[in-house]
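Okay, so here's the structure we're looking at.
Letters A, B, ... are given to chains in the order of the sequence lines, protein chains preceding strands, and every chain is numbered from 1.
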Protein chains: 2
Amino acid sequence: MTEMRQLRIPPSLARCTATELTRAPCKNCGVCADSAFGALAPAELKMVKAERRSCVVRRGTTLFNQGDEPQGIYCLRSGHVLLTQTDVAGNETGLRLVMSGELIGFRSFFAEEPHAATARVLTPSRVCLIPGAVLWKVLERNAALARALLRLVARDQGPMQAPFLRGPWLSVRERLVHLLLIIRDRCAETLPDGRLLFDLPLTRREIATMVGVRPESISRAVHDLRAEEIATFNGHRIIASLDRLVAAAKTDRPH
Amino acid sequence: MTEMRQLRIPPSLARCTATELTRAPCKNCGVCADSAFGALAPAELKMVKAERRSCVVRRGTTLFNQGDEPQGIYCLRSGHVLLTQTDVAGNETGLRLVMSGELIGFRSFFAEEPHAATARVLTPSRVCLIPGAVLWKVLERNAALARALLRLVARDQGPMQAPFLRGPWLSVRERLVHLLLIIRDRCAETLPDGRLLFDLPLTRREIATMVGVRPESISRAVHDLRAEEIATFNGHRIIASLDRLVAAAKTDRPH
DNA sequence: TTCCCGCCTTGAGCTAGATCAAACCCGACT
DNA sequence: AGTCGGGTTTGATCTAGCTCAAGGCGGGAA
């Protein structure tokens, strides 16, 4: 318990059982080098590596909750995380589906505001927390990192937040198709027969938050897509034909 | 004409008539000091002031179009600008209503991508363009500016882009009410009798893009709001009672 | 002045998706 | 095995907002 506080693990993680909150040394991790932190000089990278802490979390854990004060930036070394925002009436909106290798929580951190979203773990994940203090220290003297982070934050309003995905212009079926196309390059693998395999344990409710409709509507849309042999949803396996997805999208995704 | 090219005025501005494209010296302008550029040292501020150029543009002018390559950051010294995004099918979405004193175009500039939106002038405006080269030069050595700009960009996904404003959860009437509440503190003045006055020449169509519905629906919602004595829309004048707006919003705006 | 074009308003119908409800499936727990 | 609870499916109904269409208003140009 004392150790956990030392690690600056956010309170929401304190619920984790001992087995999943393994302290991991975080050696030889290339993830950070691939992300915006590629701009770091070796000495600076060493500073970051020395300070950051990693842990393993299971599905359902929240890395942080809407309203929490940011403590730093999270780096998702493996697994999947869903960022959602809930309004006062309790309506949940999916903002971003985070894949392994991506950073989490940086927007609120740099906005210097409480987290505007909740980060919930979808699949067993290994997560690093890079404390804010180190970040500011390194930023102080590395202009290239500043530029890389500005680019990261500026590009954050990704495709999943594209207004056209939620506007009244697309049917539920089209929105679902667009969603698959949007996350395709980051989380789908191509099967030998050319079809796409998405391995994500998304509930109907979670999908619904991402395209702004009700879960029942997703059920019906899924049914339609199967009937038209465009895509099948079996548990956490989604298998789809790229050609038919593109055809069903009708209007190409912009930008 | 040669002078205009010297000024690095974007091509979309080249359409302006001579009278509105006045070259203004941009002296004694406090706007930049109030914005993120407050982090600048006097010498750096002088660099920026030396390089930037200002011009006066009329309603309908576009500062830049979706797809254009960013040339720098615009500073709106006076007037109003609407940022919109259009998808391949021609559906327009209003992203941000820019008020005087605010910066424009910084997101795409720092994303180092073509502009994702079009900036259209709503009321006669005076605009400064701060060329990208100066920005990078100053950023190189001023970590405080980097932090301020990170904050600016991170906070950019403002309330108008809040998902709850477009989701299926709010009626058109409620969305319109929320829109007024959202822009209130930045563009409404309080009349002697306590009511709010918004002085903005917004067409029904422009309002519709901001809340993601059809112009006809706005017409009907406006009619309702007048009937219920919540707000009146006369040309470019919107007069509303704050109390009744808040009551009509039902669910308080989150965050 | 007249014409014209774009914006606004209002009406009438239609339809996609929300809403409510029932039944089913399945894994976790006792 | 039995129970329980959450997720899913499917049906029936309802309604808000889209769509199309017609008419009015107003400002700018010839």
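With axes fitted over five pairs at each extremity, the angle between the ends of the helix from C:dT1-D:dA30 to C:dT30-D:dA1 is 40° (10° resolution).
Atom C1' of nucleotide D:dG28 and atom CZ of B:Arg58 are separated by 13 Å, given to the nearest angstrom. For the pair B:Arg205 CZ and C:dC5 C1', the interatomic distance rounds to 16 Å; values are reported in whole Å. The CZ-C1' distance, from B:Phe233 to C:dT9, rounds to 15 Å in whole Å. Rounded to an integer number of Å, the gap from A:Glu206 CD to D:dG6 P is 15 Å. For the pair B:Arg220 CZ and D:dG17 P, the computed distance is 11 Å after rounding to whole Å. Following rounding to the nearest Å, A:Asp224 (CG) and C:dA16 (C1') show an atom-to-atom distance of 12 Å. Going from atom CG of B:Asn234 over to atom C1' of C:dC7 covers 15 Å, rounded to whole Å. Taking atom CZ of residue B:Arg204 and atom P of nucleotide C:dC8, one finds them 6 Å apart after rounding to whole Å.
The side chain of B:Arg214 approaches D:dC18 more closely than any other nucleotide in the set C:dT19, C:dT10, D:dC18. Across C:dA18, C:dC8, D:dC18, the shortest atom-to-atom separation from the side chain of B:Ser219 is found for C:dC8. If you check D:dC18, D:dG17, C:dG17 against the side chain of B:Val172, the one that comes closest is D:dG17. When the nucleotides C:dT19, D:dC18, C:dC8 are ranked by their closest atom to the side chain of B:Thr203, C:dC8 comes out on top. Of the candidates D:dC18, C:dA18, C:dT19, the closest approach to any side-chain atom of A:Pro168 belongs to D:dC18. Ranking C:dT10, C:dC7, D:dT9 by closeness to the B:Glu216 side chain, first place goes to C:dT10.
At a cut-off of 3.5 Å, with distance as the only test, no side-chain donor of B:His115 or B:Asn65 sits close to an acceptor on the other residue. A side-chain N or O of A:Glu92 and one of A:Thr84 form a donor-acceptor pair less than 3.5 Å apart.
When the nearest nucleotides of DNA chain C are assigned to B:Leu202 and A:Gly212 by heavy-atom distance, the more 5′-ward of the two goes with B:Leu202.
Below the 3.5 angstrom threshold, one finds no donor paired with an acceptor across the side chain of A:Arg173 and the base of C:dG17.
Qualifying ring pair (Phe, Tyr, Trp, His ring centres under 6.0 Å) partners for A:Phe109, counting only residues two or more places apart in sequence or in other chains: A:Trp136.
Residues A:Arg59 and A:Glu206 are paired through a salt bridge, judged by an N-O separation under 4.0 Å between the basic side chain and the carboxylate. We find that A:Glu102 and A:Arg96 are joined by a salt bridge, their nearest charged nitrogen and carboxylate oxygen being less than 4.0 Å apart. Salt bridge A:Glu228/A:Arg244: absent, no basic N to carboxylate O contact under 4.0 Å.
The side chain of A:Ser217 places no N or O atom within less than 4.0 Å of a non-bridging phosphate oxygen (OP1 or OP2) of C:dA16.
Two rings, from B:Tyr74 and B:Phe64, have their centers less than 6.0 Å apart.
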